[in-house]
Chemist: 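One structure coming up, written as structure tokens, with questions to follow.
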Amino acid sequence: MRKKIVAGNWKMNLTLAQGEQLINDILATGLKLTEGQEVVICTPFPYLTKAKALLKNYQGFYVGAQNCHSEKAGAYTGEVAAEMLKSIDVDYVILGHSERREYFQESNAMLAKKVDQALASGLKPIFCCGEPLEIRQAETQNAYVAKQLEESLYHLTEEQLKDVVIAYEPIWAIGTGLTASAAQAQDMHAFIRSQIAAKYGREAALRISILYGGSAKPGNAEELFACPDVDGGLIGGASLVAADFTAIVSKLG
Ligand code: PGA
């Protein structure tokens, strides 16, 4: 039914040679994806062309960028447009990662525009949402995430939503070693799906892939991926180690 996806987010790590080695090491494990499974490698911008060339002949392997600009083109020195990414055959783009929201002041409204640019160019957004620790402690995470979805995605048509992947990443679990428990992940993923169902209908909700992100590793991936509403993972730290990343992919089931 819906796609199962493991996406690796390299963030601002590795040289080109190290990245190339990592991809070759991942491919050398002979990892085979079954029908409906995808692996997306999200590299820094300068490595996307190389990553695409390395992965091109491997069924189910795709490349993703980690950001794109909210405008189509123009005088935005240092920025990269969605259309540029598409022109080098990039498949996916991570949008709204909590690090972008925090360090680069990306608002829900700005992300709505980035989502539009990505879709208009033919890129599939991996749209990140998730609450900070104080919101989790106050137990208001559902309302917080619902607002992120509403303000950045709900202007889309049901047809456009077909190309969107959602990643739930509780900020308190990113890079901290703290993982949401499988029950916490499942609760939020089911909530997100119910929100999508309320807005777009049951079919759209059943179709959308919702990934978990935040200290996912080989040791907890199986339990997380076994949750009925968890359709894979967005992996940071563990995506930089070929053995860990492939072990996580192998838990997709
Ligand atoms: P982590 O990062 O796996 O290192 O916690 C996840 C992410 O930021 O996407």
Side-chain angles (χ1 to χ4, degrees), residues 3-14 18-19 22-23 26 38-45 47-48 51 62-68 90-106 111 114-115 118 123-133 135-136 141 144-145 148-149 152 164-182 184-185 188-189 192 209-225 227 230-252:
K3 280 185 289 189
K4 303 273 185 186
I5 302 170
V6 172
N9 175 11
W10 288 4
K11 307 192 180 182
M12 196 175 74
N13 292 298
L14 309 178
Q18 289 167 335
L22 176 54
I23 290 178
I26 291 168
E38 291 187 5
V39 165
V40 186
I41 311 267
C42 302
T43 78
F45 290 131
Y47 311 158
L48 287 165
Y62 297 92
V63 297
Q66 300 170 15
N67 179 34
C68 70
V90 170
D91 307 291
Y92 283 88
V93 59
I94 299 173
L95 292 177
H97 191 282
S98 59
E99 289 150 16
R100 301 285 323 167
R101 292 175 187 265
E102 182 180 352
Y103 305 134
F104 301 94
Q105 288 77 47
E106 294 194 357
L111 289 167
K114 292 192 177 203
V115 168
L123 296 174
K124 295 179 181 158
I126 300 176
F127 177 78
C128 301
C129 56
E131 79 287 354
L133 184 60
I135 296 289
R136 171 63 63 167
Q141 66 272 11
Y144 188 94
V145 169
Q148 291 179 319
L149 299 175
S152 300
V164 176
V165 173
I166 294 176
Y168 169 60
E169 299 206 304
I171 298 171
W172 45 272
I174 295 177
T176 57
L178 284 176
T179 320
S181 67
Q184 284 172 322
M188 179 56 86
H189 284 228
I192 291 171
S209 299
I210 308 176
L211 316 183
Y212 168 80
S215 299
K217 350 176 222 291
N220 58 25
E222 188 162 10
E223 200 190 357
L224 287 163
F225 296 170
C227 298
V230 176
D231 306 311
L234 179 53
I235 317 299
S239 75
L240 299 172
V241 180
D244 288 353
F245 187 66
T246 51
I248 292 171
V249 175
S250 73
K251 308 286 190 221
L252 271 180

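One-based numbering, in listed order, for ligands and for the atoms of each. Numbering starts at 1 and runs along the sequence shown.
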Chemist: Only heavy atoms of His97, strictly under 4.0 Å: list the atoms of ligand 1 that pass.
Modeler: 7 (C), 8 (O), 9 (O)
Chemist: State, yes or no, whether a side-chain contact exists between Ile174 and Glu99 at a heavy-atom distance under 4.5 Å.
Modeler: yes
Chemist: Would Glu169 count as being in polar contact with ligand 1, using the rule that some N or O on each side must be under 3.5 angstrom apart?
Modeler: yes
Chemist: Is there a heavy atom in Lys217 that sits closer than 4.0 Å to ligand 1?
Modeler: no
Chemist: Would one find an N or O of Gly214, backbone or side chain, under 3.5 Å from an N or O of ligand 1?
Modeler: no
Chemist: Please state whether Ser98 comes within less than 4.0 angstrom of ligand 1, counting heavy atoms only.
Modeler: no
Chemist: Taking the inter-plane angle between the rings of Tyr168 and His189 on a 0 to 90° scale, is it parallel (under 30°), tilted (30 to 60°) or perpendicular (over 60°)?
Modeler: perpendicular
Chemist: Could you list the atoms of ligand 1 found under 4.0 angstrom from a heavy atom of Gly175?
Modeler: 1 (P), 4 (O), 5 (O)
Chemist: Applying a strict 4.0 Å limit to heavy atoms, is Ala238 in contact with ligand 1?
Modeler: no
Chemist: Taking non-hydrogen atoms only, is Ile174 closer than 4.0 angstrom to ligand 1 via side chain, backbone, both or neither?
Modeler: both
Chemist: Under 3.5 Å, is there a donor-acceptor pair between the Glu169 and His97 side chains?
Modeler: yes
Chemist: When only distance counts, is Ile235 in polar contact with ligand 1, meaning an N/O pair under 3.5 Å?
Modeler: no
